[in-house]
Each structure stands twice: as structure tokens, then as C-alpha cells.
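Naming convention: chains lettered A, B, ... in sequence-line order (proteins, then strands); numbering from 1 in each chain. Predicted model, so just to flag it, every value in this text is computed and none were measured.
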Amino acid sequence: MNPDADVAAAQHSPLLKNLNPEQLAAVTAAPEPALILAGAGSGKTRVLTTRIAWLLQTGQVSPAGVMAVTFTNKAAKEMLARLSTMLPFNVRGMWIGTFHGLCNRFLRAHWKLAHLPQAFQILDASDTTSAVKRVIKAMKLDEERFVPKQVGWFIAGCKEDGLRPGDVEVRDDQTRKLVEIYANYEDQCQREGVVDFAELMLRSYELLRDNAAVREHYQHRFRHILVDEFQDTNKLQYAWLKMFCPPGRDQGQSLLAVGDDDQSIYAFRGARVGNMADFEREYRVRKVIKLEQNYRSFGHILDAANELISRNSQRLGKTLRTDAGQGEPIRVFEAPSDFAEAQWLIEEVQSLYRGGMDRQQIAILYRSNAQSRVIESALFNSGIPYRVYGGLRFFERAEVKHALAYLRLLENANDDTSFLRVVNFPTRGIGAKTLETLQDLAKASGRSLYQTVSAVPGKGGANLVAFTNLIDSTRNLTQGLTLREIIEQVLETSGLADFYRTDKDGAERLENLDELVNAAEAFVMQEGFGKNAVGLPVDEVAGPGTPGAVPDAETGEIMSPLVAFLTHASLEAGDNQAQAGQDAVQLMTVHSAKGLEFDAVFITGLEEGLFPHENAMSDHDGLEEERRLMYVAITRARQKLSMSFCQTRMLHGQTRYHIKSRFFDELPEESLKWLTPRNQGFGSGFAREYQAAWERGSGLKGMVGAGRVEKAAWVEPPVPASMKPKVSEEHGGLRVGKGVFHTKFGEGVLLTLEGAGADARAQVNFGRHGTKWLALSVAKLTPID
DNA sequence: ATGAGTTCTATTTTT
DNA sequence: TAGAACTCAT
């Protein structure tokens, strides 16, 4: 092939139409290491996917030679989806996925070399914590001094620095013990055939590092490696990438790193922004391409973002610009209390909605999850549908995890984590005492719990044997069944389904178990196996194309759909959001808003101590990360941006007095529109005066008397007439004082009806479930006699 | 085994 | 304040 001629011809490819000069440069960059500094809203995903498409179209690489790495499943899916609309190629040949997803794919193909069982299972965060907890217990250590979760972080931190227990520098007793726990934890995982998230990365890295043949195979195979969100990579991930494409060698391989140092907000989790600068140096990047043209926000919003972030030192340097015009200035509201802030949000949201904006185009952002409560209850009481991100995800729900534990035991009975989760759920007369005996015996003999049951004497032992018999017979019963049938069978024989059928509030959990069956069905349909599921690359697989299963790279052995599904469940916990109201206001932390965009954004709780958070304010780096977080928040907005802060806020059960965030002083005055009088600024101590006045019992009057009339905004605003509840007696067949039925809360008595139309709401006493306010536009209430 | 009572803790968390 | 995790009594 003649790349130059192809490249010249491809300049006219329809793919490249409508790209700006910087985007074009990034898409058509020469096959050498390149760094793309992609600002918020600069069309980064489009550049990434277009580049892959262009490389393929110009024949510079075949699908098997492409690897694209992301951090989230969502990003990977989006890339895959966009590519499949752009290309006639089979996208399955490419390695596109998350770091962990690709590591899984790699380890499944080389499980023997990696010293793993073929059906190894992946521990999620909570599995990891409980596994660590067991180690600490077995070592008879004080759980106060060695908090399982923290020890888990320590272990993950070591792994992310590439350190095995023997590599950790020990300088004090505490660390010595921690390393001991780490070592025992490793043994335990190995014995049980499970790996945690960090292990997926480290194990793959070590295999590549220590096995030249494997390493060279992949180096030769992947001609083009693209990495998204490079600023979020940790030390190990960068080292992992170097294994695929080592720096300082010109082999015609290209590593394209795309990132934005200004959006690095995960340093606390081990992300190293410094990897960007290191990359530029170590790979001798000749040209850094900056995508600074923003296609998302109006001028005032970008001015604010640029001005704020310019306060940070050690930036790679980037200024967003737009052709969209200035737009509206940022509205700033000072509220007397968190309650008043929420009330103001309600008014603003309703006015936007009346102005024709979709509710899902409105986002309310906050620094910490605890702030959502006040806002939620205000929204709830106003009958405005909303959706909170950050709740329990589907595969993390207790009942789902129980079902998965049974399924895991079918595949690998030595998985003690799963064993302990369900050995007595539903209850089988196996108590703590019996389990202690079992664990001691297992530890002494170096066997798994499952292998040890017969050694336990007495009634407890008999019950344990009954449990393993149940698992064994279920395994036999499910031989040859489809994945759907296996799960249905397990739900029945385990007694899980029956348990939730008789449990008084098991209905919802039963629904989730149904949903699990559906998810499995969808997984089988969608992945179809042999494709991207467990992800054995098709060109590496020698085995027969058995439908519904993936053959192993070396042996041609068939991997069961069940193992694939269990892997899927650990690697992708599902949507991180509560019940999906179609037309709902979006509530989330600033962290979870990263990567999203909305027509209207409210940044709330902009108070010193909260945002920037007090725990981050002490050191320079912490404050800079808070500033980047604020930068991320600002750049989420397309058209309208508002910011608010409170003088008083309920925190840890106490009313605290706050002053406005220093970030207000770092934004351009001309881009702000103060809805309340601007006060003296950061550090004025005004809130403390207010507090003092309040404590004297004089409240606001004292303040006004002291000549601070401009602080009238501190008075609770009167409820506007439009907001005054309209009380009625009857609504759609419902009558005050009569009975109603709700699908979740059951029967109740209607106490009050307020509002009309979309705002209509009802207060109902559900007895055992208490008295609740319900939005009639959302809640299904039916009258009963 | 279950429920009531007690104590502790509270920043963010892509996999 | 509120929730989770735990203890203790039934």
C-alpha cells in the first residue's frame, strides 16, 4: 500500500467534512505518538471515532490492529456505536473497551500463562471489602485498627503502583501488618480463583512484562492505540499502555493520547495528571494538538470557565472559545438557608419548564451527595419529577448479588466469598458458630469452605452438607440449559424466589430478580458470544464457531455463557441512576456530571468548606483539584448557568454558617448577574456577625438596625402567590378522607389535596409506611371504598 | 433469627 | 440529622 497516496485521496473523504483545522489535524495525524489536548465540548469523541474510521478507510490499519481504551463502559459503547454507523467493517475485531474490560479479555485468552483458572471471577468493590474483612478476621486482627475498607484501599493503591507485597517498603509496624494482610489476601484470592479490579490490570501488566513472546505478539498486532481521558490514568495504566507500545522505538506504531488536564478530578483515586506531561516527554511528542473550539456553551459560560481555571498552576495551557455569542450571564443567588436555596431552585426549574425547556435538560449539581436531600424533598413536595444519579446500581442490589453468588458457586464452588454470602440465605440453620468452625477447619487444611463442610461435626455440619448438596444438584440440574433457564432454575432451587415471594416487602426484589433474567437474556442476544462478550478476539481463536459460547485461545475449550455473564455483571454494574422518569430534572454530584451536558445547569452549595471542600483546602494540589471540579461543573452548561450558595446549612445535624465560595472571586464580574446583592466577598466574616446577632435573639432585626439593609435578602422570601398551594377536596376520583391504593405503599387514607395539573399532590397516611406526600403526576393512586 | 436499641460517622468513586 | 453497622435481648 502507498499510504501517502491514500492519505491524499482520503483528504476528500466525506468522513473529514465539517471538521475544524485542529480536529482534522488530530484525525489525520501521522502514525506516531501524539497528544491531543481536548477541551470540554470540543468534539473529542467525534475526533476519536473519526480517526479510527479514517485509519481503516485509508487502509493504514485493519480492524485487528486497533485498540481504543476508555474508562467507562458508557464511553466504550458510544464509541462502538458511532463506529458501526460510520463503517462497513466488522467492529468486533477491534479491541475497544475499558481498561478493565480489555484486561479481562486479555486474561481470558491467556488464563494459563496468567496462572488463573479458566472461569476466574471478578470481585467488585463490595466483594473486595468483604474478602479483605475475612482475611483480617482470620488473622485475628483488630478491625478498629485495620478497617477493611481502608485496608482494601491500601491494597488497591499498592497494586496501582505496581507493587506486590514483597515490593512494598515497610517502615513501621502498621505498614508491616498491612503488607501481611495484603499477602494473605492475595493467597486467598488465588486459592478461590477470583481477582479484584486492580488485579485485572496488574496481572495483565505483569504477564506482558515477563513474557516476551506475548508482549511482542501484541506490540506487533496493535498498530494504533488510542486512549481516552488520558488525564485519569494511574501509574499502572500508563505502564500497561507502555507494554503495548514502548516509548523510544520507531516501529510505526502509534499511541494517541486524548485528555484534558483541566478536567482531572480523580487524583484522590490515584489518577496522575502528570502522566500527560510524562507522555509528552517520554514519547518525544512532536506536536501537541489543542482542541479549543467549543461547540457546547455560550461565551459568558466559557469566559467564566477560562478565567477560573487560569488560576491553576502547572497547566498544559488551553483556552476555550466559541462562535456562539455571549449568551446570558451566569445567574448568582445567595440564599439564607439550604432550605431557601432549594425553594429558589424549584422556582427557577418551574420557570425554565414553563419557558419550554425539557426537564431532563436541567441539571442540579452539588459537591457532595448529602446535599441532595433538601433539594429532593423540595422537588418532591412541588411534584416535579426528578432523577438522582449515584444510587445502588442494578448488579449491586442485595437480591441480585445473592442470585449471582449462587450462579458463581455453580461455576466455582471454591469461591468462599460467594459461599459465605448465601450459605445461610435463605436461612438454613447455619449460624455464626458453625461458620466459625468451618472457617477454622478450612484454614487449617488450606482448603475452601466448600471442600471442608463434611469435617464440621454436629447439626451445623449436616446443614452445611445439605447446602453443598443443594449446589451440586442444582449444577446437575442445569447442565445443558440455556442461560435463562439456568438462572430461573437457580432462583427456584436456592429458595431465593420463594423467600421474596413470602417476604412482606419482597415484591420489588422479586421484580429485580425477574429483571436479572431479562438482563441475561438481553446479554445473550446482544453479545451473541463469539463476538465481543468475553471478548476473545476472533482472529486469535482457533476453535470451532460454536454458537452461544466462546472457545479458548489455546485449547479451543468452550467458555460457558454463564461465565461470560458473571464477568459482565462484575465489570458493568449497570446504570448508576435511580428509577428512570422520562421527563425528569437530573440531580448529581459534579463528579458524576463529567462528560455530560445540559441546556441549563445549577451549581449549588458554593460555600467555603463545601465547594471547595474543607478537606481539600489545606493543600495546594487539593485546592487546584477543587478548582478543576468547578471548571467541570461550569462547562456542563449549554445555554443557562446558575450558581447558588447559602448562609446557613444543616450539616451533620447542626446548623452551620457559611460564607460564599472563593470561586466567585475568580470569575469575571461582567459574566455574572447577581440576583441578590453582592456582599463583601470571601472572608468578610459577615456570616459570623449574622450568627452572633441570631444568638442574641434579635435575628435579622438587629442586623437591619445595624445598617445592613442591603442584606434584606436574608429574610425568608415570602411564598409567591403562584406558589401558594391551592387546596381542593377532590381530584380525579380521589376524595380527602377516603381510602386510596398505591402500588408500593398499599392502602392509605387521603389527608390533603393540593395544587392542580402537573403540580397536583396528595398527602396520604399509609399507616405502617407513614404519612407521605405524593406527586399525582407520578404516583399511581387509585380510589378505594 | 429477629427486632429494638446503641454507637459511629458524614467528599468526590469511571472499573 | 440520618443512615449504616453493630450489640444485645427475646
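Rounded to whole Å, atom P of B/dT14 lies 17 Å from atom CD of A/Gln263. A/Glu229 places its CD atom 9 Å from the C1' atom of B/dT14, with the value rounded to the nearest Å. Summarising the geometry, the separation between CE on A/Met588 and C1' on B/dT12 is reported as 15 Å, rounded to the nearest angstrom. Atom CD of A/Gln371 is separated from atom P of C/dT1 by 18 Å (rounded to the nearest Å). When the P atom of C/dA2 is taken as reference, atom CG of A/Leu651 falls 13 Å away, rounded to whole Å. One atom, CD of A/Gln654, and another, P of C/dT1, lie 9 Å apart when rounded to the nearest Å. As rounded to whole Å, 6 Å separates atom P of B/dT13 from atom OH of A/Tyr266. Taking atom CG of residue A/Leu596 and atom C1' of nucleotide B/dT14, one finds them 12 Å apart after rounding to whole Å.
Contacts with DNA chain B (heavy atom under 4.0 Å) in residues 230-238 of chain A: A/Asp232, listed by number.
Using a 4.0 Å heavy-atom cutoff across all strands shown, A/Phe99 reaches no nucleic acid atom at all. Across all strands, A/Lys77 comes closer than 4.0 Å to no nucleic acid atom at all (heavy-atom distances).
Using atom C1' as the reference point in both C/dG3 and B/dT14, the two lie 25 Å apart (nearest Å). Rounded to a whole angstrom, the distance from the P atom of B/dT12 to that of C/dA5 is 15 Å.
Figure legend: A/Arg164 and A/Tyr182 shown without cation-pi pairing, the cationic atom not lying both under 6.0 angstrom from the six-membered ring centre and within 45 degrees of its axis. With a 6.0 Å cutoff to the six-membered ring centre and a 45° limit on the axis angle, A/Lys242 does not count as a cation-pi contact of A/Phe244.
Under the rule for a ring-ring contact (aromatic ring centres under 6.0 Å, His included), the partners of A/Phe197 that lie at least two apart in sequence or sit in another chain are A/His100.
Within 6.0 Å of atom NZ in A/Lys74, 12 or fewer heavy atoms from other residues, nucleotides or ligands are found, so the atom counts as exposed in its surroundings.
Judged by distance alone, the side chain of A/Asn234 and the main-chain N or O of A/Gln237 form a donor-acceptor pair under 3.5 Å. Looking only at distances, no side-chain donor or acceptor of A/Asn381 sits under 3.5 Å from a matching main-chain atom of A/Ala378.
The A/Thr427 side chain lies nearest to B/dA1 when the options are C/dT1, B/dA1, B/dT15. Considering only the side chain of A/Arg373, C/dG3 comes nearest among B/dT15, C/dG3, B/dT2. The listed nucleotides are B/dA1, B/dT13, B/dT15; the one nearest the side chain of A/Trp153 is B/dT13.
Relative orientation of the A/Phe523 and A/His568 rings is tilted, given thresholds of 30° and 60° on the angle between their planes.
Sequence order on DNA chain B of the closest nucleotides to A/Gly429 and A/Leu571 puts A/Gly429 first from the 5' end.
When the side-chain nitrogen and oxygen atoms of A/Thr70 are compared with OP1 and OP2 of B/dT14, none of them lie within a distance under 4.0 Å. A close approach under 4.0 Å does occur between a side-chain nitrogen or oxygen of A/Lys133 and OP1 or OP2 of C/dC6.
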- Task: Let me see the working for A/Phe419 and A/Phe467 under ring-ring contact (aromatic ring centres under 6.0 Å, His included), right down to the final yes or no.
- Result: CA-CA 10 Å; A/Phe419 185 100; A/Phe467 173 70; 5.3 Å; yes
- Item | Test ring-ring contact (aromatic ring centres under 6.0 Å, His included) applied to A/Phe425 and A/His402, step by step | CA-CA 8 Å; A/Phe425 192 92; A/His402 281 134; 4.2 Å; yes
Distances for protein N or O near nucleotides 7-11 of chain B N or O, under 3.5 Å:
| from | atom 1 | to | atom 2 | distance (Å) |
| --- | --- | --- | --- | --- |
| B/dT11 | O4' | A/His613 | NE2 | 3.1 |
| B/dT11 | O2 | A/Arg367 | NH1 | 2.8 |
| B/dT11 | O2 | A/Arg367 | NH2 | 2.3 |

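In this structure, a donor-acceptor pair under 3.5 Å is present between the side chains of A/Asn104 and A/Arg108.
Donor-acceptor pairing under 3.5 Å, judged by distance alone, is present between the side chain of A/Arg269 and the base of B/dT15.
A distance cut-off of 5.5 Å between ring centres, combined with a plane angle under 30°, places A/Phe268 in a stacking arrangement with the base of B/dT12.
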